[in-house]
Asks: 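Before I ask anything, here is the structure I am working with.
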Amino acid sequence: METATSANPILERMLRPGQKKILACDGGGIRGLISLGILGKLEADLRHVFGNPDLLLADYFDFICGTSTGGIIATCLSCGMPVSRVVEFYLTNGSSMFQRAKWYLQLREKYGAEPLAELLRRVLSCQLNGPGYVYNEADPVIELGDQRLKGLLMLVMRNHTTDSPWPVCNNPRAKYNELSRPDCNLRLPLWQLVRASAAAPTFFPPEVVTFAEGTEHEYHFLFVDGGVTTYNNPAYLAFQMATAQPYNIQWPTGVDQMLIVSVGTGNAPAQRQNLRPEDLWLLDHAKSIPSALMNAATSGWDMVCRLLGECRFGGEIDGEFGAMMLPPGGSATASNWTGPKQFAYVRYDPITTQQQLNDLDLFQISEASMQKMDDVSLIGELYQVGKTYADRYVDLDHLTGFIPPPSSPLPAG
């Protein structure tokens, strides 16, 4: 059976002994700018502690995953972009990337010229081909299996054809990544998988992905946004892929062996205090149920990670469950459930109620505006929320045990 060999730098990094660090990025449309404000502070702090002004998050994290807008961010980081460049990409292109189609075009299932696909092709090609590269549409397409990616990358999407969530990873040992397969996933265009993960219904048309192209085995699947699966928050799914035997990664677990940093796009509950029973009719359900399910799934996987993991930081889930936090290493002497902790866990996700925004001194930003995933006029405010939250709460003490002393630099990634 032909497989990727040990000469593959992705495989070499995957098999390298030692601690493993995972970064998980939630979906949330243009609110991905909140995540980027948080990630920028984390990158800056890591650069300072390692004494390396050029350190990238993909140098520190061995596995980066994302859903929807988080998939765009995860891919950009895995390609070796500093956070500042991803921010620039969002600030420059966000108004065209996340502009919702007009309602009459949505009803007719027609969409205007969609720039996201072309933007993704261009930015990924330019990044991986290096400084001075001039983009040309005729150049070879960047594939999922491109060995210039700096580590493991997972994207979450929904296969509408098979009615199932699809986590797609560049793991060279994965069953559907065997090079002998005519439909090997590693040969799929990377831009197209990112576009599929972010193909939010009513924003973009679904993405048609061709497998085993040009062979007698050719077939097609229709994909839509991974945010409409139960994995808008992909943190636990990443843990599952990194440890479950069928995926053939099988990293060791333990609070001193594995770190998961999960970054949200802002917890924006759409509270309706004056809601009446007669308000709940068909159109109201159609408008509110998708976000309700997405929010429930996001919180649910956060709760699972706090249960299985040693949560070093995270906001309160609800009045009963609380925050389930423990100090670093605290689970060795104290626990908050009946089993052993499997990993260290950090959750950065600002709550954007008016009270919480005011607590961040962001009095000029409204709670109502933070509930939207498509209002591109809020680009500046969203990024400000992420940065302000990060300045107050992102702290490398949360990563205790996973930052070697300066005399032990990161291995080349």
Side-chain angles (χ1 to χ4, degrees), residues 2-4 25 27 29 64-75 78 97 101 106 108-111 113-121 124 140-146 149 152-234 237-238 240-241 244 246-249 290 293-294 297:
E2 182 188 4
T3 60
C25 302
I64 303 179
C65 64
T67 300
S68 192
T69 194
I72 298 174
I73 293 170
T75 302
S78 294
M97 286 165 58
Q106 296 169 31
R108 295 181 183 181
E109 299 182 4
K110 295 179 181 178
Y111 299 77
E114 183 235 306
L116 180 57
E118 178 62 22
L119 287 169
L120 290 170
R121 282 194 291 262
L124 298 180
V141 67
I142 304 296
E143 298 177 336
L144 174 65
D146 196 297
L149 293 175
L152 288 178
L153 168 67
M154 182 182 77
L155 300 169
V156 183
M157 59 202 74
R158 171 180 164 77
N159 188 328
H160 222 51
T161 303
T162 64
D163 190 25
S164 58
W166 263 45
V168 177
C169 182
N170 64 338
N171 166 20
R173 288 184 162 185
K175 176 178 180 179
Y176 293 101
N177 289 353
E178 293 175 4
L179 298 178
S180 59
R181 297 181 61 99
D183 58 352
C184 174
N185 285 346
L186 294 179
R187 297 193 180 97
L188 295 174
L190 181 57
W191 74 263
Q192 194 174 37
L193 295 173
V194 179
R195 164 64 177 73
S197 178
T202 76
F203 282 76
F204 305 116
E207 186 69 26
V208 180
V209 179
T210 302
F211 294 77
E213 187 172 9
T215 75
E216 60 181 314
H217 305 287
E218 181 174 303
Y219 60 97
H220 312 275
F221 282 150
L222 205 65
F223 289 94
V224 297
D225 195 302
V228 296
T229 69
T230 59
Y231 298 109
N232 192 59
N233 171 354
L237 190 61
Q240 177 177 285
M241 183 168 282
Y247 298 107
N248 288 316
I249 297 176
L293 294 175
M294 185 183 298

Asks: Which pair of non-hydrogen atoms, one from N170 and one from L144, has the smallest distance, and what is that distance?
Replies: CB-O, 3.5 Å

Asks: Where is the tightest heavy-atom contact between L179 and R187, given as atom of each residue plus distance?
Replies: O-NH2, 2.8 Å

Asks: Atom CG in L119, atom CH2 in W191: separation rounded to 0.5 Å?
Replies: 11.5 Å

Asks: Taking atom OH of Y219 and atom OG1 of T210, what is their separation to the nearest 0.5 Å?
Replies: 10.5 Å

Asks: Measuring from atom CD of Q192 to atom CZ of F223, what distance do you get when rounded to the nearest 0.5 angstrom?
Replies: 9.0 Å

Asks: Looking only at non-hydrogen atoms, find the nearest pair between S78 and I64 and report the distance.
Replies: OG-CB, 3.8 Å

Asks: Treating N159 as the side-chain partner and W166 as the backbone partner, does any N or O pair qualify as donor plus acceptor under 3.5 Å?
Replies: no

Asks: Crowded around Y176 OH? As in, over 12 foreign heavy atoms under 6.0 Å?
Replies: no

Asks: If I take atom CG from residue D183 and atom CD from residue E178, how far apart are they, to the nearest 0.5 angstrom?
Replies: 10.0 Å

Asks: Any salt bridge (Lys or Arg N to Asp or Glu O under 4.0 Å) involving residues 156-167? Give me the pairs, sequence neighbours left out, ordered by first then second residue.
Replies: R158-D163

Asks: Do L124 and D146 come close enough that some side-chain heavy atom pair is under 4.5 Å?
Replies: no

Asks: Hey, does the side chain of S197 reach the backbone of S68 with a donor-acceptor pair shorter than 3.5 angstrom?
Replies: yes

Asks: Looking at every non-hydrogen atom in both residues, tell me the closest pair between N232 and T67 and how far apart they are.
Replies: O-CB, 3.7 Å

Asks: Could you pull out the closest heavy-atom pair between L155 and T75, with the gap in Å?
Replies: CD2-OG1, 3.4 Å

Asks: Would you say N185's side chain and V168's backbone share a donor-acceptor pair under 3.5 angstrom?
Replies: no

Asks: Starting at NE2 of H220, measure out to CZ of F211 and round the result to the nearest 0.5 Å.
Replies: 10.5 Å

Asks: Testing the basics here: between A238 and C65, what is the closest heavy-atom pair and its distance to 0.1 Å?
Replies: CB-SG, 3.5 Å

Asks: Once you round to the nearest 0.5 Å, how far does OH of Y231 lie from CE of M154?
Replies: 9.5 Å

